[in-house]
Amino acid sequence: MGEFLVEVIKVRCPACKVVMKAKMEYAGRVLRCPACKVPFIVPQTDGEGREPPAHVLMKLADMEATKKAQQEEEASIPHVVIDETPAIKAGSLLRQLHRKNRYMILDNQRMLAYWEAVKGWQLSTTGGSLVPAKNNMEMLPRQGDFRLVELQMEEADDGLKIVALRIYQLARQYTLTKLSGDENDILTTIISESGLQRSQKDALIQALKTLFLRSAWAGVPKIYDYLLGNDGHSSEIS
């Protein structure tokens with residue numbers, strides 16, 4: 001089986017005299033010596049490269065100056081680092097779980113976890129039942145777009161009512177492992193206040209239907225309107 005041979009030219013740098021090889025296709029083009037970086041024109045046959053014309057050298061100098069200026073400008077721009085480290089600067093938003101309230105963690109498809117006093121954090125199974133978080137951590141995803149929803153509750157004549165919602169963005173990775181520790185550990189993963197996307201609202205509505213009487217949420221106009229509306233930015237509904 002034959003081999004394809006690449007034709008090359010042996011070129012000597014006109015400045016430092018280093019001999020190198022260039023593909024035949026580069027004949028007549030300007031290259032830089034890999035040793036001394038001086039530009040030269042590749043000859044048509046083996047031999048010494050020749051110095052490019054003055055206008056070519058000026059163009060190369062302009063290109064180098066522009067490149068250097070761009071690099072210096074880029075180096076002067078501060079780098080913005082998105083910090084998803086638990087930032088309990090955001091912890092000032094929510095320092096502990098309040099005993100009278102309820103809390104849910106949602107992703108873009110369903111409620112993943114639910115908290116209420118006494119029972120603590122529970123995980124939602126695919127069948128809709130709740131199981132203790134500490135014994136079932138393998139059920140949880142390691143990363144995702146997570147929201148913590150605080151349901152602020154009040155007693156009414158006809159039972160519990162959800163009177164306000166507060167919504168928080170959680171860190172995207174390894175957040176839910178916090179549910180195996182102290183019940184407040186999850187709060188250390190809060191990044192900021194946040195709204196709910198349509199899919200997350202749908203997941204919240206489904207969870208509310210499962211856990212509460214319809215009157216607890218659908219009977220509160222501001223909550224009901226928010227859940228069915230297009231507002232994806234508000235982080236507090238009260």
Side-chain angles (χ1 to χ4, degrees), residues 82-117 119-126 128-131 133 136-137 139-153 160-212 216-218 220 222-238:
I82 299 175
D83 186 8
E84 285 205 350
T85 309
I88 276 232
K89 310 164 197 166
S92 60
L93 300 174
L94 185 61
R95 293 185 179 277
Q96 65 179 17
L97 304 173
H98 298 285
R99 313 307 289 178
K100 72 173 186 177
N101 294 338
R102 307 289 189 271
Y103 297 85
M104 295 180 184
I105 297 175
L106 311 171
D107 65 6
N108 291 328
Q109 297 179 318
R110 65 189 183 94
M111 178 185 76
L112 300 171
Y114 175 71
W115 183 92
E116 62 177 291
K119 292 185 178 180
W121 282 109
Q122 303 171 81
L123 307 184
S124 176
T125 67
T126 53
S129 59
L130 295 172
V131 296
N136 297 278
M137 294 301 295
M139 294 171 51
L140 294 172
R142 294 193 175 187
Q143 61 183 20
D145 186 12
F146 304 122
R147 299 291 191 279
L148 174 67
V149 180
E150 180 180 30
L151 312 175
Q152 297 182 11
M153 314 295 296
L160 279 175
K161 294 279 190 185
I162 301 172
V163 296
L165 300 177
R166 292 192 73 186
I167 306 151
Y168 305 91
Q169 172 78 55
L170 302 181
R172 296 183 65 89
Q173 293 186 322
Y174 305 109
T175 294
L176 303 185
T177 58
K178 297 291 186 179
L179 297 180
S180 63
D182 181 83
E183 61 186 15
N184 289 302
D185 285 352
I186 191 70
L187 306 183
T188 65
T189 70
I190 291 175
I191 295 174
S192 65
E193 293 178 327
S194 177
L196 289 177
Q197 302 171 23
R198 180 69 263 165
S199 60
Q200 292 166 331
K201 286 186 179 182
D202 292 340
L204 177 55
I205 290 171
Q206 188 57 49
L208 293 174
K209 288 179 178 179
T210 302
L211 295 168
F212 298 95
W217 57 279
V220 183
K222 59 194 172 186
I223 302 295
Y224 187 75
D225 291 346
Y226 169 75
L227 292 175
L228 297 185
N230 296 322
D231 181 356
H233 302 287
S234 296
S235 61
E236 183 170 0
I237 299 86
S238 57

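The chain is numbered in sequence order, starting from 1.
Of the inter-residue distances, the one linking Lys178 atom NZ with Thr188 atom OG1 reads 4.0 Å to the nearest 0.5 angstrom.
Scored by the salt bridge (charged side-chain N to carboxylate O under 4.0 Å, His left out) test, Lys201 finds no partners at all (sequence neighbours excluded). Residues meeting the side chain to side chain contact (heavy atoms under 4.5 Å, CB included) test with Ala218, sequence neighbours left out: Arg214, Tyr224. Among residues two or more places apart in sequence or in another chain, the side chain to side chain contact (heavy atoms under 4.5 Å, CB included) test is passed with Ser238 by Ala164, Glu236. Among residues two or more places apart in sequence or in another chain, the side-chain hydrogen bond (donor to acceptor under 3.5 Å, both in side chains) test is passed with Gln206 by none. Residues forming a side-chain hydrogen bond (donor to acceptor under 3.5 Å, both in side chains) with Thr125 (at least two apart in sequence, or on another chain): Ser129. Taking Arg198 as the reference, Asp202 meet the salt bridge (charged side-chain N to carboxylate O under 4.0 Å, His left out) condition, with sequence neighbours excluded. Annotation: side chain to side chain contact (heavy atoms under 4.5 Å, CB included) contacts of Leu160 (sequence neighbours excluded): Arg102, Met153, Glu155. For Arg99, the salt bridge (charged side-chain N to carboxylate O under 4.0 Å, His left out) partners two or more places apart in sequence, or in a different chain, are Glu183.
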Donor-acceptor list for residues 144-152 side chains, cut-off 3.5 Å, not counting sequence neighbours:
| residue | atom | partner | partner atom | Å |
| --- | --- | --- | --- | --- |
| Asp145 | OD1 | Arg147 | NH1 | 2.5 |
| Asp145 | OD1 | Gln169 | NE2 | 3.3 |
| Asp145 | OD2 | Gln197 | NE2 | 2.9 |
| Arg147 | NE | Ser194 | OG | 2.9 |
| Arg147 | NE | Gly195 | O | 3.0 |
| Arg147 | NH1 | Gln169 | OE1 | 2.7 |
| Arg147 | NH2 | Gln169 | OE1 | 3.4 |
| Glu150 | OE2 | Asn101 | ND2 | 3.3 |
| Glu150 | OE2 | Tyr103 | OH | 2.7 |

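Within the 4.5 Å cutoff, side-chain heavy atoms of Met139 are placed close to those of Val131.
Legend: salt bridge (Lys or Arg N to Asp or Glu O under 4.0 Å) pairs involving residues 222-233, not counting sequence neighbours: none detected.
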